Amino acid sequence: MAKINTVMFDFDGTIMDTNRVILQSWQHTFRTFEGRERSEEEIYSTFGEPLYITMKKVLPNIPVEEAAEVYRSYHYDKFTDLISVFPGMLELLKALKDRDHKVGLVTSRLWPTTKIGLDKYGMQKYFDTIVTGDDCRNFKPDPEPVNIALKRLSSRPEESIMIGDTIFDILSAKNAGVKSALVSWALAVKEEEMNGENSPDYIIKKPEDVLEIIG
């Protein structure tokens, strides 16, 4: 196997714990349009999808722009206070840069709130490229986001790995010919989704495991 020199990360649920703000933003949206909340399990099952795609599925009778505006307004107002970095992630990012690995961020989140999260913890300096939903026509599980990062980093798929918390991350990596790793703190993964061809190459129990994988 080729030595890995490029490490790409998803943002939500992988580096950044945005679970609370996403959950609360959806519940606010459901209360606004339906007068009730929905189960957390239903909301977790949408993690990793672009917002508009999920909106069309879960609120089919509401104009997408209207529903998205309600969600995003609440989300933006609460975002800074409700997010945190998963333990060990800042140390991992620093270690990767100290070892001269190329590091990318590949997320379906749009740039404005991605930047807020990165700025809050001074993380932007650790990434050699950042691919957000603003950069893509096709989203995970399509390989386009990963391929954009590979091109910007001048990296080869066989020398790269994508780390994420959803089936969308794993499939996007596989579709791009990149190694994949699933974080064990993922909330949106169903065991039956990760069998056979959908299985990640690695399961990461703690951030420092990445250093052992890449050698």
Side-chain angles (χ1 to χ4, degrees), residues 4-26 28 43-44 47-51 71-136 139-140 145-146 148-149 152-153 155 160-166 168-169 172-173 180-189 202-214:
I4 294 173
N5 60 33
T6 300
V7 184
M8 293 171 284
F9 294 89
D10 177 50
F11 187 71
D12 296 274
T14 302
I15 289 176
M16 188 72 71
D17 187 350
T18 54
N19 296 327
R20 282 195 302 159
V21 70
I22 293 173
L23 183 67
Q24 291 186 26
S25 298
W26 274 114
H28 170 75
I43 296 172
Y44 291 147
F47 279 21
E49 283 186 326
L51 181 63
Y71 177 99
R72 283 184 170 145
S73 177
Y74 183 94
H75 192 85
Y76 193 88
D77 288 345
K78 303 291 185 181
F79 190 76
T80 303
D81 293 336
L82 293 179
I83 61 171
S84 60
V85 177
F86 282 110
M89 269 297 171
L90 286 175
E91 292 80 3
L92 171 60
L93 291 171
K94 184 178 186 303
L96 290 171
K97 294 308 297 177
D98 288 344
R99 298 184 184 196
D100 293 325
H101 283 81
K102 291 181 279 188
V103 182
L105 184 67
V106 183
T107 176
S108 296
R109 178 177 288 278
L110 300 182
W111 171 243
T113 49
T114 301
K115 184 178 186 300
I116 290 172
L118 294 173
D119 288 348
K120 180 176 179 178
Y121 292 97
M123 286 190 290
Q124 192 166 341
K125 62 188 177 185
Y126 296 122
F127 296 102
D128 299 300
T129 191
I130 297 171
V131 179
T132 71
D134 298 294
D135 300 307
C136 306
F139 303 97
K140 304 172 192 173
V146 174
I148 290 173
R152 290 180 180 177
L153 295 168
S155 296
S160 306
I161 188 169
M162 174 71 193
I163 299 166
D165 71 311
T166 73
F168 304 106
D169 299 309
S172 184
S180 61
L182 179 73
V183 297
S184 63
W185 51 91
L187 292 178
V189 174
Y202 304 96
I203 301 289
I204 295 170
K205 294 185 178 180
K206 54 188 184 301
E208 54 264 38
D209 289 348
V210 174
L211 300 177
E212 295 183 15
I213 291 170
I214 65 179

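Bear in mind the structure is a predicted one, so any value in this text is a computation, not a measurement.
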Not counting sequence neighbours, which residues clear side chain to side chain donor-acceptor pair (under 3.5 Å) with [X]? List them please.
| X | value |
| --- | --- |
| Lys78 | none |
| Asp81 | none |
| Ser160 | none |
| Thr166 | Asp169 |

Show the nearest heavy-atom pair for residues [X] and [Y], with the distance to one decimal.
| X | Y | answer |
| --- | --- | --- |
| Gly48 | Phe168 | C-CD1, 3.7 Å |
| Ala186 | Leu182 | CB-CD1, 4.4 Å |
| Val103 | Leu153 | O-CD2, 4.3 Å |
| Tyr71 | Ser25 | CE1-CB, 3.4 Å |
| Val106 | Pro145 | CG1-CB, 3.5 Å |

If you round to the nearest 0.5 Å, how far is [atom2] of [Y] from [atom1] of [X]?
| X | Y | atom1 | atom2 | result |
| --- | --- | --- | --- | --- |
| Leu23 | Ile43 | CG | CD1 | 4.5 Å |
| Leu92 | Tyr126 | CG | OH | 10.5 Å |
| Gln24 | Phe79 | CD | CZ | 13.0 Å |

With His75 as reference, evaluate Leu51, Ile22, Leu82 under the side chain to side chain contact (heavy atoms under 4.5 Å, CB included) test and give the passing residue.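 So the option named by the test is Ile22.
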Can you give each donor-acceptor pair under 3.5 Å made by side-chain atoms of residues 6-16, sequence neighbours left out, with the distance rounded to 0.1 Å?
| from | atom 1 | to | atom 2 | distance (Å) |
| --- | --- | --- | --- | --- |
| Thr6 | OG1 | Ser155 | OG | 2.6 |
| Asp10 | OD1 | Lys140 | NZ | 2.9 |
| Asp10 | OD2 | Thr14 | OG1 | 3.3 |
| Asp12 | OD1 | Thr18 | OG1 | 2.6 |
| Asp12 | OD1 | Arg109 | NE | 3.1 |
| Asp12 | OD1 | Arg109 | NH2 | 2.6 |
| Asp12 | OD2 | Arg109 | NE | 3.0 |
| Thr14 | OG1 | Asp165 | N | 3.3 |
| Thr14 | OG1 | Asp165 | OD1 | 3.4 |

Restricting to salt bridge (Lys or Arg N to Asp or Glu O under 4.0 Å), what partner residues turn up for Asp134, sequence neighbours left out?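 If we apply the salt bridge (Lys or Arg N to Asp or Glu O under 4.0 Å) test to Asp134, skipping adjacent residues, there are no hits.
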Aromatic contact, Phe47 with Tyr44 (centres under 6.0 Å):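 Phe47 vs Tyr44: aromatic centres under 6.0 Å.
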Asp17 and Trp185: CA distance, side-chain angles, deciding distance, side chain to side chain contact (heavy atoms under 4.5 Å, CB included) verdict: CA-CA 10 Å; Asp17 187 350; Trp185 51 91; over 6 Å; no
What pairs with [X] under side-chain contact (heavy atoms from CB on, under 4.5 Å), at least two apart in sequence or on another chain?
| X | result |
| --- | --- |
| Asp209 | Ile204, Lys205, Lys206 |
| His101 | Leu96, Arg99, Ile214 |
| Arg152 | Thr129, Val131, Asp135, Ile148 |
| Asp100 | none |

Test side chain to side chain contact (heavy atoms under 4.5 Å, CB included) on Tyr202 and Ile161 and set out the steps. CA-CA 10 Å; Tyr202 304 96; Ile161 188 169; 3.9 Å; yes
Return all side-chain donor-acceptor pairs below 3.5 angstrom for residues 117-125, not counting sequence neighbours, or 'none' if the list is empty.
| from | atom 1 | to | atom 2 | distance (Å) |
| --- | --- | --- | --- | --- |
| Asp119 | OD2 | Lys115 | NZ | 2.5 |
| Lys120 | NZ | Thr80 | O | 2.6 |
| Lys120 | NZ | Ile83 | O | 3.3 |
| Tyr121 | OH | Ile83 | O | 3.4 |

Going by salt bridge (charged side-chain N to carboxylate O under 4.0 Å, His left out), name the pairs with one or both residues in residues 85-96, residues two or more places apart or in two chains.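 Residue pairs passing salt bridge (charged side-chain N to carboxylate O under 4.0 Å, His left out), neighbours aside: Lys94-Asp98.
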